[in-house]
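Reading through the structure tokens given below for one structure.
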Amino acid sequence: MVAESSDSTNNSNAPQTTVTRKSSLSQPVTVGERINSIDVLRGVAVLGILAINIEFFALPGAIIFNPSVAGGFAGINLLTWEFGTLLFFEKMMAIFSMLFGAGLILMYHRAEASGRAFGGVYYRRLMWLLIISLAHGYLLWYGDILFPYAICGLVIYLLRRRSARLLIILGVCILSLGILTQVGAGVMLGNLGDAVIEIETARENGETLTPEQEGWVEVWAAMNQSFNPSPEEIATDIEAYQSGFLKILTHRAPFTLMMQTQALIFMIFWRVAGLMLLGMGLMKLGVFSAQRSLSFYTICIVLGYGIGLPLVGYGMGSLIEHNFDFIYRFMIGNHFNYVGSIMVALAHVGVVMILCKKGWLTGLTRRLAAVGRMALSNYLTHTIICTTIFYGYGLGLFGQIERFGLFGFVVAIWILQLVVSPIWLKHFLFGPAEWVWRSLTYWQRQPMKVE
């Protein structure tokens, strides 16, 4: 996952910028036009998301719906899953998505203040982001989040002029629609399961099934197979990812397509778009630029952790109690973390903003800011490193390491990026992926080296 690139930030604490350069077209932001608190927050998010993504790099995709089927789910492995779910799962994605919306507001205000055209540049950015996402998703890893960011970004642009209050209200409404779509899917699946029970009873009583009834039985069997794969199917998935590049490519493509169609429509779009709108509103209120008072951020922390963490914890326990039943997940189980994760994410934001306002841990925050300035490069680097470690064309460790061991890889990559990112930015203005994205967006080769 990656938030809006550093084109969208500036060095002022106000959400709008004053730029003296005059041109009919938007231009890339300079290093001196950045908001440090946003860079730090983006750095926290890009590192934090790896704590969740590592499992999807290293373990069968079935853990998306039932984490108990692989990676170990007892003792220290269970504690590792609980720790990651409490603090990282969907929380870091929430921060990324809100920052993407915040980035749109910053870019728009900057272009408006300087009298430059903005729409064409913005849509070119999204077009290239879409192309990058397709390459990332199909050639490297099915868990790509850039595709829904590009799609949702097309929609939220239309609301850039709306007030902070309206944007937050719209964000909450769209997030609520995401819950309703999942509940609707749960009702549909529950009705299908009940119908199949009746059909199977009729079969046992000697009745001849109609072609339509046979079809429903097949659909239900396919659904069960997707959400509750057998040990043999888990082994097949592991074998595929321990193979060569071409076999992995063909094995991964259907899952990537499902993520970009079915999952996008029923789950991802509503959450990402809602969070982006929420981020747009919060940016207009100065939340991400550390403009609010210390008491404001303290309230975010107290309420976010005080309410959000218990919600997430209760949801984890209920899912375990129901053995991760997929109908229960859609109907009830998912929604505790769905709501709680946003509150915990806002608490994380409060912590980062206080650190930036008070000037605490400056050595760490400088490194986090460097990671955040290279968010796209670091996000893609996660994929390159992890697929090389776990896939068959690399070390072939897919499915071989349990959760607690995987967290060791996370810490190692965190240290690597906290060390390398500041060094890179001493010599270059942007991360390599950011440089390519900027150059394509502005149809002009951007400067790279620090003068």
Side-chain angles (χ1 to χ4, degrees), residues 1-17 26 28-29 33-46 48-49 91-113 118 121-122 125-126 129 145-146 148-150 152-172 174-175 271-292 296-297 300 304 342 345-353 356-357 368-369 371-373 375-376 379 434:
M1 292 182 188
V2 65
E4 184 72 357
S5 103
S6 52
D7 281 3
S8 59
T9 58
N10 57 51
N11 197 41
S12 167
N13 276 340
Q16 298 191 36
T17 63
S26 292
V29 73
E33 296 174 325
R34 306 186 62 87
I35 294 180
N36 183 66
S37 58
I38 290 182
D39 285 337
V40 175
L41 185 59
R42 186 183 292 114
V44 170
V46 77
I49 195 62
K91 290 78 180 172
M92 299 302 162
M93 179 265 198
I95 295 175
F96 268 127
S97 302
M98 289 189 288
L99 286 178
F100 198 101
L104 167 58
I105 295 301
L106 286 168
M107 291 179 67
Y108 170 63
H109 282 160
R110 175 173 171 265
E112 187 180 53
F118 174 62
V121 170
Y122 179 75
R125 283 172 60 83
L126 293 184
L129 184 64
I145 195 62
L146 304 179
Y149 275 23
C152 294
L154 298 173
V155 178
I156 65 168
Y157 175 81
L158 305 174
L159 299 167
R160 65 196 182 280
R161 296 190 179 96
R162 301 297 178 241
S163 68
R165 181 173 180 270
L166 180 58
L167 287 167
I168 290 172
I169 291 172
L170 288 173
V172 171
I174 292 178
L175 286 165
R271 182 170 176 84
V272 171
L275 288 166
M276 286 181 178
L277 290 171
L278 192 61
M280 291 167 68
L282 294 176
M283 189 64 238
K284 289 193 174 190
L285 294 175
V287 173
F288 299 124
S289 51
Q291 284 184 276
R292 308 298 298 214
F296 175 88
Y297 293 118
C300 288
I342 299 171
L346 291 174
H348 290 343
V349 171
V351 171
V352 172
M353 293 303 109
C356 293
K357 286 178 74 71
L368 287 169
V371 172
R373 285 177 58 188
L376 179 59
Y379 172 71
E434 285 78 7

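Numbering of residues begins at 1 and proceeds along the displayed sequence. Values in this document were obtained by computation on a predicted structure and should not be read as measured data.
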Answer whether the closest heavy-atom distance between the side chains of Asp39 and Arg42 falls below 4.5 Å. yes
Quick check: closest heavy atoms across Gly101 and Ile156, and the distance to 0.1 Å? CA-CD1, 4.2 Å
What heavy-atom pair brings Met92 and Val44 nearest, and what distance separates the two atoms? SD-O, 4.0 Å
Does the side chain of Tyr297 come within less than 4.5 Å of Val351's, by heavy atoms? no
Hits for side-chain contact (heavy atoms from CB on, under 4.5 Å) against Ala273, two or more places apart or cross-chain, chain-then-number order -> Cys152, Ile174, Phe269
Heavy-atom nearest pair, Phe96 first then Ala45, reads CE1-O, 3.4 Å
Side-chain donor or acceptor of Glu434 paired with backbone N/O of Leu376 under 3.5 Å: yes
Under the side-chain contact (heavy atoms from CB on, under 4.5 Å) test, residues paired with Leu175 that sit two or more places apart: Arg271, Leu275, Tyr338, Ile342
Side-chain contact test, heavy atoms from C-beta onward, threshold under 4.5 Å: evaluate it for Glu112 versus Phe118 and give yes or no. no
Closest contact, heavy atoms only, Val272 versus Met93: CG2-CE, 3.2 Å
Separation between CE (Met98) and CD1 (Ile38), nearest 0.5 Å, reads 12.0 Å
Show every donor-acceptor pair shorter than 3.5 Å between a side-chain atom in residues 161-168 and any protein atom, with sequence neighbours excluded, or say none if there are none.
| unit_1 | atom_1 | unit_2 | atom_2 | d |
| --- | --- | --- | --- | --- |
| Arg161 | NE | Tyr108 | OH | 3.1 |
| Ser163 | OG | Leu166 | N | 3.2 |

Only one of Leu159, Val172, Leu282 passes side chain to side chain contact (heavy atoms under 4.5 Å, CB included) with Leu277; say which it is. Leu159
Between Val46 and Ile49 the two heavy atoms that sit nearest each other are O-CG2, 3.2 Å
Sub-4.5 Å side-chain heavy-atom contact between Met353 and Leu41: yes
Within the side chain of Ser37, is there an N or O that forms a donor-acceptor pair under 3.5 Å with the backbone of Phe288? yes
Verify, without hydrogens or angle tests, whether Arg292 (side chain) and Leu285 (backbone) share a donor-acceptor contact under 3.5 angstrom. yes
Are the side chain of Lys357 and the backbone N or O of Ala290 linked by a donor-acceptor pair below 3.5 Å? yes
Tyr157 six-ring centre to Arg160 NZ/CZ under 6.0 Å and within 45° of normal: yes
